[in-house]
Amino acid sequence: MLSQFTKVCRCGIATSAMKQINKVTVIGGGQMGAGIAQVAAAAGDQVTLVDVNDSVLQNSEKTILKSLERVVKKKYAESPEAGSAYIEDIMDRISTNTDVMAASKDVDLVIEAIVENLGVKQELFKKLDGIASSNTIFASNTSSLPIREIAKATNRLDRFGGVHFFNPVPLMKLVEIVKAPETSQATFDTLTKWGKKLGKTTVSCQDTPGFLVNRLLVPYLMEAVRLYERGHGSKEDIDVAMKLGASYPMGPFELADYVGLDTCKFIIDGWSELEPDNPLFKPSPLLNELVAEGKLGRKSGEGFYTYKK
Ligand SMILES: CC(=O)CC(=O)SCCNC(=O)CCNC(=O)[C@H](O)C(C)(C)COP(=O)(O)OP(=O)(O)OC[C@H]1O[C@@H](n2cnc3c(N)ncnc32)[C@H](O)[C@@H]1OP(=O)(O)O
Ligand SMILES: NC(=O)C1=CN([C@@H]2O[C@H](COP(=O)(O)OP(=O)(O)OC[C@H]3O[C@@H](n4cnc5c(N)ncnc54)[C@H](O)[C@@H]3O)[C@@H](O)[C@H]2O)C=CC1
């Protein structure tokens with residue numbers, strides 16, 4: 001646990017050196033939270049996955065199991081028994097809970113992957129700050145919100161950072177580690193070390209909109225939607241063009257559906273509020289319409305395209 005790494009400086013205030021993360025609470029059992037829980041447990045961490053109700057968590061467990069079965073099919077092609085043991089071992093390290101307070105009391109790290117809404121994230125962390133151990137590091141997986149703004153809801157700005165995973169978490173090799181102005185070097189180093197322990201390559205980011213990847217990726221996705229809205233190409237052709245002409249694994253409409261159209265809308269709406277005159281951040285009427293109709297992409301069964309449930 002963290003406490004063994006805590007030093008006391010001459011003034012008597014506990015300061016932190018780099019710590020080892022072994023016990024993690026992941027809040028939000030959606031696409032990202034389930035993936036983060038999976039890779040943390042696969043790296044040996046004890047993980048509690050939290051969501052608002054049990055049916056969501058049952059779904060998260062099914063998603064994790066399905067993903068592990070895909071991993072095992074390759075990794076243990078020659079030895080199905082070892083594959084089953086591998087899955088069992090990882091699943092044993094994951095528990096679920098709908099009580100966020102009970103699940104966050106005594107852990108090394110609480111990482112949040114709930115809805116991309118500043119107020120909701122602040123409310124969550126404000127509550128958690130009151131009950132979590134002072135040694136617990138808080139992190140957000142936000143795609144687009146300033147880490148500092150989320151952290152401001154707490155009294156632990158030094159022990160708060162961004163850890164931004166990519167979808168699908170088990171396959172994507174990158175994690176962005178975000179150092180907000182008050183994030184301590186020890187917190188940043190601890191989070192970086194944790195990202196590496198999970199088998200990811202980490203890059204260091206400042207607390208700027210979209211960090212590195214999304215600052216480039218989201219304007220590209222939105223530009224594809226605008227191209228389509230202007231009638232300058234069908235979405236199918238734009239997707240094929242980017243896959244075959246630029247070697248992207250998915251076209252922009254496939255990728256927006258994969259990320260979630262609600263998340264894309266939250267991101268672009270937030271940025272356009274910050275910089276209303278920036279043409280890259282202009283909201284899209286078509287995206288707004290799809291989200292209003294509940295067409296959120298793959299996760300809801302329909303977005304730009306329709307998916308079999
Ligand atoms: C919004 C944000 O804040 C940030 C973001 O995340 S932006 C989004 C970033 N993500 C991307 O850009 C993803 C782009 N897409 C891709 O890289 C690929 O399409 C993909 C990796 C998702 C799927 O790959 P694919 O070749 O199209 O599909 P598929 O054949 O199903 O899968 C390829 C392999 O990965 C495995 N796989 C796919 N999804 C998996 C999962 N969730 N878990 C485990 N394994 C998985 C499959 O089993 C398959 O393995 P084999 O090759 O051994 O059969
Ligand atoms: N979808 C993507 O490609 C990526 C998303 N992100 C970020 O990760 C976060 C989550 O995104 P997704 O997993 O895609 O969303 P999702 O919609 O799949 O899952 C969000 C989950 O959070 C739960 N939730 C909402 N409020 C909650 C609360 N107060 N307490 C507990 N659970 C709560 C919901 O029930 C839902 O299960 C967002 O901040 C998003 O911007 C980051 C990287 C990639």
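Whatever order the structure lists ligands and atoms in, that order sets their numbers, starting from 1.
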- Query: For atom 20 (C) of ligand 2, what is the nearest protein heavy atom, given as residue, atom name and distance?
  - Reply: Ala113 O, 3.9 Å

- Task: Kindly state whether the ring of Tyr248 and the ring of Tyr220 have centres lying under 6.0 angstrom apart.
- Result: yes

- Item | Min heavy-atom dist Met32 to ligand 1 below 4.0 Å | no

- Item | Protein non-hydrogen atom below 4.0 angstrom of atom 54 (O) of ligand 1 present | no

- Query: How are the rings of Phe165 and Trp194 set relative to one another: parallel (under 30°), tilted (30 to 60°) or perpendicular (over 60°)?
  - Reply: perpendicular

- The closest protein heavy-atom partner of atom 31 (C) of ligand 2 is Ile27 CG2, 3.7 Å

- Protein non-hydrogen atom found under 4.0 Å from atom 3 (O) of ligand 1: yes

- Item | For atom 37 (O) of ligand 2, the protein heavy atom that lies nearest, with its residue and separation | Asp51 OD2, 2.7 Å

- Task: Please work out whether any backbone atom (N, CA, C, O) or any side-chain heavy atom from C-beta onward of Val259 is under 4.0 Å from ligand 2, and answer side chain, backbone, both or neither.
- Result: both

- Which ligand 2 atoms, with their elements, are less than 4.0 angstrom from a heavy-atom of His164? 42 (C), 43 (C)

- Task: Could you list the atoms of ligand 2 found under 4.0 angstrom from a heavy atom of Lys121?
- Result: 38 (C), 39 (O)

- How about Tyr305 and Phe253: are their ring centres within less than 6.0 Å of each other? no

- Task: Examine Asp262 against ligand 2 and note whether any of their N/O atoms are separated by less than 3.5 Å.
- Result: no

- Protein residue, atom and distance nearest to atom 19 (O) of ligand 2, heavy-atom basis: Gly30 CA, 3.3 Å

- Is it the side chain, the backbone, both or neither of Tyr258 that has a heavy atom closer than 4.0 Å to ligand 2? neither

- Query: When the ring planes of Phe138 and Phe160 are compared, do they come out parallel, tilted or perpendicular, using 30° and 60° as the limits?
  - Reply: perpendicular

- Message: Does Val110 form a side-chain contact (heavy atoms from CB on, under 4.5 Å) with Ile137? I'd like the steps, not just the answer.
- Response: CA-CA 6 Å; Val110 174; Ile137 292 178; over 6 Å; no

- Counting each atom of ligand 1 from 1 as listed, which ones have a heavy atom of Met250 under 4.0 Å away? 14 (C), 15 (N), 19 (O), 22 (C)

- Closest protein heavy atom (residue, atom, distance) for atom 41 (O) of ligand 2: Ser143 OG, 2.7 Å

- Query: Counting each atom of ligand 1 from 1 as listed, which ones have a heavy atom of Ser143 under 4.0 Å away?
  - Reply: 1 (C), 2 (C), 3 (O)

- Note on the structure: When distances are taken from atom 38 (C) of ligand 2, the protein heavy atom at minimum range is Ile114 O, 3.1 Å

- Message: Within the 4.0 Å heavy-atom shell around Lys74, which atoms of ligand 1 are there?
- Response: 50 (O), 51 (P), 53 (O)

- Message: Could you identify the single nearest non-hydrogen protein atom to atom 5 (C) of ligand 2 and state the distance to 0.1 Å?
- Response: Met32 CG, 3.4 Å

- Task: Identify, for atom 43 (C) of ligand 2, the protein heavy atom at the shortest distance, and state residue, atom and that distance.
- Result: Phe165 O, 3.1 Å

- Basic-acidic side-chain contact under 4.0 Å: Asp45, Lys197: yes

- Check ligand 2 against Val56 and write out every atom of the ligand that is under 4.0 Å from a heavy-atom position of the residue. 37 (O)

- Item | Glu254/Lys235 ion pair, N-O < 4.0 Å | no

- Message: Is there a polar contact between ligand 1 and Asn214, counting only N or O atoms under 3.5 Å apart?
- Response: yes

